[in-house]
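Report on the structure given below.
In what follows, chains are A, B, ... by sequence order, proteins preceding strands, each numbered from 1.
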Number of protein chains: 2
Amino acid sequence: MKHPTIHDVAREAGVSKSLVSLVMRGSDKVSPTSREAVLRATKKLSYRPNAAARTMVRQRSYVIGVMVSNLHNPFFADVIDGIDMAVTDASYRSILTTGNREPRRERLAVTTLLEMRVDGLILLSPVMHRKHTIEASRSVPTVVVGKAMRAATVASVTNDDRTGAAMVVDHLFELGHSRIAHIDGGSEAGAQPRRAGYERAMQGHGLENQIQTVSGGFTEEDGRVGMRRLLVGGTWPTAVFAANDLAAFGALEVLDAEGIDVPGVISVVGYDNTALATNHRLGLTTVDQPRHDMGRMAAELILAAIASAGTAVNHAVLTPKLIVRGSTGPPSP
Amino acid sequence: MKHPTIHDVAREAGVSKSLVSLVMRGSDKVSPTSREAVLRATKKLSYRPNAAARTMVRQRSYVIGVMVSNLHNPFFADVIDGIDMAVTDASYRSILTTGNREPRRERLAVTTLLEMRVDGLILLSPVMHRKHTIEASRSVPTVVVGKAMRAATVASVTNDDRTGAAMVVDHLFELGHSRIAHIDGGSEAGAQPRRAGYERAMQGHGLENQIQTVSGGFTEEDGRVGMRRLLVGGTWPTAVFAANDLAAFGALEVLDAEGIDVPGVISVVGYDNTALATNHRLGLTTVDQPRHDMGRMAAELILAAIASAGTAVNHAVLTPKLIVRGSTGPPSP
DNA sequence: CTACACGATTGGAACGTTCCAATTTTAAGA
DNA sequence: TCTTAAAATTGGAACGTTCCAATCGTGTAG
């Protein structure tokens with residue numbers, strides 16, 4: 001259980017510790033003989049370099065720390081995948097911590113990363129107070145994904161919610177809808193711009209007096225409540241745009257229970273293109289965020305910031321894509 | 001961007017570095033005056049202890065490393081949550097790496113953890129070759145979750161797949177089914193014992209000649225392929241037990257497309273009780289693994305192994321629970 | 001007023017690397 | 001064979017902590 005050190009390897013191979021270090025780092029100024037001997041010793045002792053020691057002397061860990069607010073959301077798996085790719089390509093490594101959506105634990109998760117002296121910090125939809133994000137960003141290059149951050153020291157990667165929402169409205173308009181309602185996402189990440197995008201697109205099509213928004217959220221229950229609210233009035237909308245897939249599912253459930261045909265009577269659209277949207281019986285029309293690219297972009301921003309010693313702070317906004325499935329169709333005449 | 005050190009704090013507070021160290025570690029043999037001064041200095045400089053340096057001298061990192069084979073599987077989120085709880089309670093910390101199901105990347109993920117000198121290693125359903133797990137276990141206490149490991153140095157936490165599968169068969173048998181088919185999980189973690197449990201339970205009910213297994217896997221596509229295969233023969237089964245929820249959804253999709261009623265004509269059961277199982281229109285009958293407890297147990301095994309210097313290797317097997325939902329019912333006469 | 005005990009504080013060594021400057025070895029040319 | 005350049009190898013300092021043994025100060029008992 002005691003880890004061998006570079007000295008043990010040196011002794012075993014009959015060379016100096018410096019030479020072992022050279023071999024481990026793949027230097028080309030080592031004779032084949034020595035390299036061979038060192039490698040053999042390394043294998044025999046199953047030596048593994050000590051990252052802590054290396055970090056100490058190099059003053060760099062070559063590690064990017066990623067804090068995931070919520071591992072339960074499969075959205076992040078793809079983002080992390082993108083991060084991992086880009087980071088590995090640059091011969092950095094990535095480690096994750098998770099805050100389980102609780103601000104306290106998020107902060108602990110970030111602290112862990114910071115104490116380990118990661119060279120860069122990526123925060124995936126943090127829910128902790130923004131001042132803690134900003135504080136972290138003062139000691140290490142930081143990028144936030146999935147949440148707009150207006151702060152000079154924090155980079156960010158988001159999808160263009162405004163445009164995504166507009167795409168939804170455009171799609172429905174082209175199908176012939178005009179009574180298009182929106183169940184909004186309350187104060188959740190991205191909800192505000194989606195709502196704004198919806199409203200502006202409605203105006204763009206001359207439907208300003210058809211704008212109908214009910215306040216909701218990002219859960220199924222929020223969707224149910226919102227949908228019920230929309231069914232109370234005299235004239236129903238012919239299409240409903242929910243702020244995310246989960247809420248859309250809640251809406252669908254209510255429509256199902258009421259025996260209202262989708263998309264025959266009412267079309268439904270979500271946002272996020274989660275696995276559920278694919279799996280649902282009829283398939284949910286939704287907006288896909290380029291998750292993998294968002295991750296890759298986040299990694300690239302971080303690496304650039306590291307390379308430039310923190311001067312290059314950027315905000316990347318990626319364009320989402322409309323995915324049309326069975327839950328939308330032309331309105332009944 | 002340059003991190004302040006304990007020396008900077010000492011200078012600022014007008015004390016020695018040792019005193020600062022004492023305060024940081026919460027010692028009670030420090031005068032209130034000094035503590036106050038040190039705390040003020042740490043705040044002013046926003047000092048954060050350097051974990052790498054601490055790990056060096058303490059020869060312990062107080063970090064548990066977790067390698068997750070596949071972040072896309074929401075199953076692990078709960079396990080990780082359980083790990084995190086237990087680890088935090090013991091004032092350790094946890095960090096994650098992910099291998100995205102690729103053996104090569106898994107190995108890199110484990111290497112990263114090992115080089116960081118984690119005090120314990122938890123592997124969540126590793127797909128890499130077992131020899132690499134065993135190798136890792138020789139340098140640090142290791143526990144594998146979700147996959148049986150017969151190795152003297154590796155602890156493990158699994159659910160009793162055999163019993164879980166038997167529960168499914170029992171349930172279907174009680175409903176009156178006899179033509180119960182199984183879409184198995186190929187070589188995935190837990191697939192083999194689930195299949196064995198299915199077969200033994202069938203025998204237990206005197207249904208040995210009704211045993212019908214088609215080879216599948218853990219993806220939706222595997223479920224689709226398996227289901228189509230089952231529909232080719234002359235007599236259809238009246239119930240299908242898929243090796244996991246995702247495969248079950250694939251099967252459901254095919255049945256839906258063919259217009260075959262579930263559970264009227266064919267009942268379907270999955271395994272894992274993922275969020276999808278709850279959300280699906282009719283609810284999927286499935287088997288719930290005590291994910292949170294599995295994580296907690298894994299953490300406890302690791303902490304025990306660390307405390308006992310690696311002597312206490314254990315294998316914990318937790319009992320799963322059948323969750324009955326709308327996808328199963330009595331067979332049509 | 002002195003001695004002593006005890007609490008508070010301190011300096012130095014050690015942890016396992018990297019990197020630099022210095023040294024040794026080898027090879028080539030005369 | 002000698003000289004010199006190039007290649008290979010080396011020891012030591014440094015990184016930021018912890019922990020130990022040693023020292024410093026202060027109050028109290030005699």
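For residues 130-150 of chain A, the set of pairs meeting the ring pair (Phe, Tyr, Trp, His ring centres under 6.0 Å) definition, not counting sequence neighbours, is empty. Within the structure, ring pair (Phe, Tyr, Trp, His ring centres under 6.0 Å) pairs that include any residue of residues 30-71 of chain A comprise A/Tyr62-A/Tyr92 (at least two apart or interchain).
Taking a cutoff of 4.0 Å between a charged side-chain nitrogen and a carboxylate oxygen, B/Asp8 and B/Arg11 qualify as a salt bridge. Contact check on B/Arg296 versus B/Glu300 returns a salt bridge, with a Lys/Arg side-chain nitrogen under 4.0 Å from an Asp/Glu carboxylate oxygen. Taking a cutoff of 4.0 Å between a charged side-chain nitrogen and a carboxylate oxygen, B/Arg105 and A/Asp84 qualify as a salt bridge. A/Arg40 and A/Glu12 are not joined by a salt bridge, as no carboxylate oxygen comes within less than 4.0 angstrom of a charged side-chain nitrogen. Salt-bridge annotation for B/Glu115 and A/Arg93: present, with a side-chain N of the basic residue lying under 4.0 Å from a carboxylate O of the acidic one.
Checked by atom type and distance alone, the side chain of B/Ser69 never pairs as donor or acceptor with a backbone atom of B/Met67 at under 3.5 Å. Judged by distance alone, the side chain of A/Thr97 and the main-chain N or O of A/Ala109 form a donor-acceptor pair under 3.5 Å. Judged purely by atom type and a 3.5 angstrom limit, A/Arg58 has no side-chain atom pairing as donor or acceptor with the backbone of A/Arg54. Between the side chain of B/Ser308 and the backbone N or O of B/Ala304 there is at least one donor-acceptor pair closer than 3.5 Å.
Near-neighbour residues of DNA chain D inside residues 15-33 of chain B, defined by a heavy atom below 4.0 Å, number-ordered: B/Lys17, B/Ser18, B/Ser21, B/Arg25. Contacts with DNA chain C (heavy atom under 4.0 Å) in residues 46-57 of chain B: B/Met56, B/Val57, listed by number.
Where the helix from C/dC1-D/dG30 to C/dA30-D/dT1 starts and where it ends, the local axes point in directions that differ by 50°; five pairs per end, rounded to 10°.
First and last contacts of DNA chain D with chain B, using any nucleotide atom under 4.0 Å from a protein heavy atom and ordered 5' to 3', fall at D/dG16 to D/dC19.
With respect to A/Gln289, the side-chain hydrogen bond (donor to acceptor under 3.5 Å, both in side chains) criterion is satisfied by exactly one of A/Asp272, A/Thr158, A/Asp161, A/Asp160: A/Asp272.
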